[in-house]
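Every chain is numbered from 1, with letters handed out A, B, ... down the list of sequences.
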Number of protein chains: 2
Amino acid sequence: MNIAAQATTHHGIREAIRARIVGGEWDLGELIPGEAEFAAQYSCSRSTVNRALQALAHEGIVERKRKGGTRVRPLQLPQARLRIPIIREEVQSAGQTYSHRIMRRERQLPPGDVAQRMHLPDDHELIHLQTLHLAGGEPFAFERRWVDPVTVPDFEEADLTAISANEWLIRMVPFSRGEASLLAVSADAELAQMLKVAPGEALFTMERTTWFEERSVTFTRLHYAPGYRLNFSL
Amino acid sequence: MNIAAQATTHHGIREAIRARIVGGEWDLGELIPGEAEFAAQYSCSRSTVNRALQALAHEGIVERKRKGGTRVRPLQLPQARLRIPIIREEVQSAGQTYSHRIMRRERQLPPGDVAQRMHLPDDHELIHLQTLHLAGGEPFAFERRWVDPVTVPDFEEADLTAISANEWLIRMVPFSRGEASLLAVSADAELAQMLKVAPGEALFTMERTTWFEERSVTFTRLHYAPGYRLNFSL
DNA sequence: GAGTGGTCTAGACCACGGT
DNA sequence: CCGTGGTCTAGACCACTCA
């Protein structure tokens with residue numbers, strides 16, 4: 001069984017070393033050979049081995065320290081790259097037609113928890129936007145979004161019929177940093193009505209705060225209709 | 001404001017180029033200079049630029065093609081690294097004491113959906129394990145797990161009182177590929193009793209299937225007590 | 001102090017893929 | 001065809017950190 005064509009490419013060497021680690025050649029936490037040693041074993045230069053080992057370190061398979069050498073990571077923490085989906089693409093890639101309806105759009109004081117997550121004082125007015133995302137005409141997700149008009153002054157006049165707020169912001173505001181949470185909530189009366197489900201239904205929910213150079217841009221709380229799954233691979 | 005000490009390290013050059021992309025020097029989808037050009041601009045070797053651009057490509061900021069050059073990725077998809085938490089560490093890092101109780105352990109035919117997710121025939125017996133994870137004596141998460149005894153023959157006699165099944169498997173089946181899903185479910189009667197919540201409560205749930213060389217190892221469905229959030233940064 | 005990883009360089013060859 | 005990125009090499013210097 002031929003897992004990876006190797007050759008002396010850093011890819012090949014990375015996979016070869018990975019296979020040896022997986023195969024149990026070294027115990028968890030144990031020191032593995034140095035770069036020079038591997039270079040000799042695979043008849044390649046130390047740089048190539050360096051790249052291979054750096055990649056494994058980046059994946060969390062090994063831990064490296066100067067002078068300390070490279071060791072197999074004691075607890076293999078599974079780490080995954082999670083793609084934050086863009087709703088339109090998500091719907092369309094499932095073969096459904098995407099549309100959205102703006103249910104509400106107004107300037108108002110945010111609830112305390114929202115102000116807190118955006119690191120803003122309680123008396124700072126925000127633009128509040130409620131959007132229903134539809135897949136094939138059926139509710140797919142309901143979004144409550146708050147946008148700071150100080151950071152994004154153009155947002156108030158933006159035309160959001162053709163392009164959703166999410167994509168508008170991505171396009172106009174160079175994104176810098178953000179925090180996100182995933183959780184489950186029970187549908188309240190408004191959510192139940194919007195998504196056409198029974199009150200109390202369990203809804204998969206994503207909260208996101210994004211920042212541009214220490215200024216809060218937007219906070220969104222996105223509730224998916226029941227049945228939704230966020231899939232990824234380990 | 002000094003965002004990144006640069007120098008001519010690939011880090012520094014990566015951040016410098018990132019800043020120029022974020023700053024809007026090139027449009028979305030536009031071709032940016034070639035490696036040689038950047039090397040001249042930053043007075044460094046092409047290899048260094050190559051590493052920097054490869055890193056940006058790995059992050060999804062740019063797209064590269066031989067002969068096609070490097071271009072700014074049309075849709076900046078926020079991509080995050082999600083650490084799949086190990087429950088014990090998660091509890092302990094919150095300052096609580098961790099413990100677990102095995103509620104059930106038996107060999108049986110799995111439900112159809114479980115067999116399907118593990119790519120197994122319906123008549124393949126699995127070990128079924130139910131574990132309650134506690135934080136400070138209170139229910140924290142409830143886990144239903146199925147393990148394939150063909151792939152992991154030692155599991156049936158494993159002592160799971162000191163070490164949880166999750167950690168036992170990580171230790172004995174060092175590396176594996178897997179798929180995972182996140183979703184929200186309503187507590188059924190059994191879940192409600194286990195987690196001491198009202199039936200119908202929304203529970204944040206993670207499903208995971210892991211594989212070792214084309215053989216299914218285990219499938220788990222993990223339900224967190226209400227209030228749980230999975231946090232990460234973008 | 002000495003060993004290990006981290007990095008840079010300059011030159012070289014190759015593979016892919018638009019023109 | 002030929003320009004672009006992908007990679008390798010050999011040698012070199014540096015920085016961290018353990019003994």
Side-chain angles (χ1 to χ4, degrees), chain A residues 2-21 25-74, chain B residues 2-21 25-74:
Chain A
N2 194 343
I3 292 188
Q6 46 191 76
T8 58
T9 107
H10 57 158
H11 272 117
I13 289 173
R14 167 170 51 96
E15 293 311 314
I17 295 177
R18 190 212 302 282
R20 290 172 67 178
I21 292 174
E25 181 164 338
W26 304 283
D27 285 336
L28 267 51
E30 190 182 345
L31 209 58
I32 73 177
E35 301 187 345
E37 168 69 21
F38 276 126
Q41 285 182 20
Y42 294 109
S43 335
C44 66
S45 74
R46 184 171 77 89
S47 322
T48 307
V49 174
N50 181 284
R51 278 189 80 130
L53 289 177
Q54 277 191 26
L56 291 176
H58 195 78
E59 283 183 52
I61 308 289
V62 299
E63 236 167 359
R64 322 191 72 199
K65 258 190 249 167
R66 293 178 148 128
K67 169 70 179 179
T70 302
R71 37 188 84 241
V72 179
R73 189 144 191 162
Chain B
N2 194 343
I3 292 189
Q6 45 192 73
T8 57
T9 102
H10 56 155
H11 275 116
I13 289 173
R14 167 169 53 93
E15 292 312 313
I17 295 176
R18 188 210 304 282
R20 291 172 67 179
I21 291 173
E25 181 165 336
W26 304 282
D27 284 337
L28 267 52
E30 190 182 345
L31 209 58
I32 74 176
E35 301 186 349
E37 168 69 19
F38 276 125
Q41 284 182 20
Y42 294 108
S43 333
C44 67
S45 73
R46 185 171 76 88
S47 322
T48 308
V49 175
N50 180 284
R51 277 189 81 128
L53 289 176
Q54 277 190 28
L56 291 176
H58 195 76
E59 282 183 52
I61 308 288
V62 299
E63 236 167 358
R64 322 191 72 198
K65 257 188 252 169
R66 293 179 146 127
K67 170 68 179 176
T70 303
R71 34 188 86 242
V72 179
R73 191 149 186 162

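Residues satisfying the side chain to side chain donor-acceptor pair (under 3.5 Å) criterion with B/Arg18, sequence neighbours excluded, are B/Glu15, B/Glu59. With sequence neighbours excluded, no residue forms a side chain to side chain contact (heavy atoms under 4.5 Å, CB included) with A/Ala40. For the side chain to side chain contact (heavy atoms under 4.5 Å, CB included) test, residues two or more places apart in sequence or in another chain that qualify with A/Arg46 are A/Glu35. Among residues two or more places apart in sequence or in another chain, the side chain to side chain donor-acceptor pair (under 3.5 Å) test is passed with A/Glu37 by A/Gln41.
Residue whose closest nucleotide on DNA chain D sits further toward the 5' end, between A/Cys44 and B/Arg46: B/Arg46. Nearest-nucleotide mapping onto DNA chain D: of A/Arg51 and A/Lys65, the residue sitting toward the 5' end is A/Arg51.
DNA chain C lies under 4.0 Å from at least one heavy atom of each of the following residues of residues 33-41 of chain A: A/Gly34, A/Glu35.
The shortest non-hydrogen separation linking B/Arg64 to B/Thr70 is NE-OG1, 3.1 Å.
Here the range on DNA chain D touched by chain B, meaning any atom under 4.0 Å from one of its heavy atoms, is D/dG3 to D/dT7.
For the atom pair CD1 (B/Ile17) and CZ (B/Phe38), the distance works out to 4.0 Å, reported to the nearest 0.5 Å. Note that the CD1 atom of A/Ile32 and the CD1 atom of A/Ile21 stand 4.5 Å from one another [nearest 0.5 Å].
Within the nucleic acid shown, A/Gly69 comes within 4.0 Å of sugar-phosphate atoms alone, with no base atom in reach, counting heavy atoms only.
Atom NE2 of B/His11 and atom C1' of C/dG5 are 13 Å apart (whole Å).
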